[in-house]
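Below is one structure; the comments refer to it alone.
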Protein chains: 2
Amino acid sequence: MTKANPQSLADLRQGWAKDPEFQREFAALEDEFVMAQTFIQARTAAGLTQAQLAERMGAKQSYVARLESGRMLPSVRTLQKFAAATGTKLRVAFDAG
Amino acid sequence: MTKANPQSLADLRQGWAKDPEFQREFAALEDEFVMAQTFIQARTAAGLTQAQLAERMGAKQSYVARLESGRMLPSVRTLQKFAAATGTKLRVAFDAG
DNA sequence: TGCAAATATAACTAAAAAGTGATAAGGTGC
DNA sequence: GCACCTTATCACTTTTTAGTTATATTTGCA
């Protein structure tokens with residue numbers, strides 16, 4: 001593993017949309033960043049900055065940044081707040097695989 | 001609201017599979033028990049007791065019971081362990097609408 | 001009813017997340 | 001370069017979850 005070994009999600013976002021090799025390796029990465037990726041996509045899809053989202057969640061920008069950094073795996077309570085703030089509906093499922 | 005006002009998930013499981021009125025009212029309940037319901041369904045679908053599941057998660061039966069009680073909203077890390085233990089794949093999504 | 005398996009709850013410590021303020025770093029346009 | 005907006009990180013306290021032991025309660029069945 002060479003390219004897809006980001007130290008932070010900032011690195012990840014750099015490579016992501018551009019490099020196909022990066023994208024392939026990304027699929028094999030740990031789950032750690034998947035949640036963060038989901039957050040970023042949901043927030044940007046809602047057209048919000050971190051500060052705007054934070055206010056809607058009753059939190060601060062620094063907390064949203066941490067959520068999106070992938071260094072923490074939040075609780076379902078936070079997922080629910082996030083969903084409410086982005087006008088989406090949280091879905092958690094355990095799919096047969 | 002009369003019937004669908006359980007104090008615990010134990011009450012809930014009583015009514016659930018039998019009473020159609022209960023089922024209707026259940027849909028209107030808060031999110032509080034949704035996660036617990038999801039846990040119970042995934043575990044029973046896997047044909048496991050709480051103790052068996054707990055062992056696969058590297059935890060104790062009492063912890064699984066607490067998860068299924070709905071009094072706590074666990075972290076995504078716990079959801080991942082749960083998925084691994086039930087042989088399922090965790091899906092978390094923020095759906096539009 | 002009585003036994004055994006399964007589930008629920010309580011009480012406690014350890015670990016992790018929630019939450020905050022300050023500040024650094026990145027990018028954009030002037 | 002310099003503002004300005006946005007995102008990232010650090011350091012810290014508070015709150016919640018993780019994890020355990022012990023025990024009570026429930027459930028199914030002989």
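Proteins come first, then strands; the chains are lettered A, B, ... in the order of their sequence lines, and each starts at number 1.
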Residue whose closest nucleotide on DNA chain C lies nearer the 5' end, B:R66 versus A:R66: B:R66
Distance test, side-chain N/O of B:Q61 to OP1/OP2 of C:dA8, below 4.0 Å: no
Distance test, side-chain N/O of A:R77 to OP1/OP2 of D:dT15, below 4.0 Å: no
Value in whole Å for how far the C1' atom of D:dT15 lies from CG of B:L73: 14 Å
Earlier contact from the 5' end, DNA chain D, for B:V76 and B:S62: B:V76
Exercise: identify the closest heavy-atom pair between A:F39 and A:L67: CD1-O, 3.8 Å
Below 4.0 Å: OP1/OP2 of D:dT6 and any side-chain N or O of A:K60: no
For atom CG of B:L53 and atom P of D:dA18, their distance in whole Å: 14 Å
Phosphate contact (D:dT7 OP1 or OP2) by A:R43 side-chain N/O below 4.0 Å: yes
Whole angstrom value for the distance that separates C1' of D:dT27 from CD1 of B:I40: 15 Å
Gap between atoms CG and P, on A:L67 and D:dT7 respectively (whole Å): 13 Å
Point-to-point distance, once rounded to the nearest 0.5 Å, from NZ of A:K89 to CD of A:Q80: 9.5 Å
Sugar-phosphate only, base, or nothing, as touched by B:A59 at under 4.0 Å among non-hydrogen atoms: sugar-phosphate
Base of C:dA8 paired with side chain of B:E68 (donor-acceptor, under 3.5 Å): no
Given D:dA8, D:dA18, C:dA18, the nucleotide with the shortest approach to the side chain of A:Q50: D:dA8
Between D:dA18 (P) and B:R71 (CZ): distance, integer Å: 15 Å
Value rounded to 0.5 Å, distance of OH in A:Y63 from CD in A:E68: 11.5 Å
Phosphate OP1/OP2 of C:dA18 contacted by A:S75 side-chain N/O (<4.0 Å): yes
Contact under 4.0 Å: B:T78 side-chain N or O vs D:dA18 OP1/OP2: yes
Heavy atoms from other residues, nucleotides or ligands near CD of B:Q52 exceed 12 (cutoff 6.0 Å): yes
Interatomic distance where OH belongs to A:Y63 and P belongs to C:dA16 [whole Å]: 16 Å
A:R43 side chain vs A:L48 backbone, donor-acceptor pair below 3.5 Å: yes
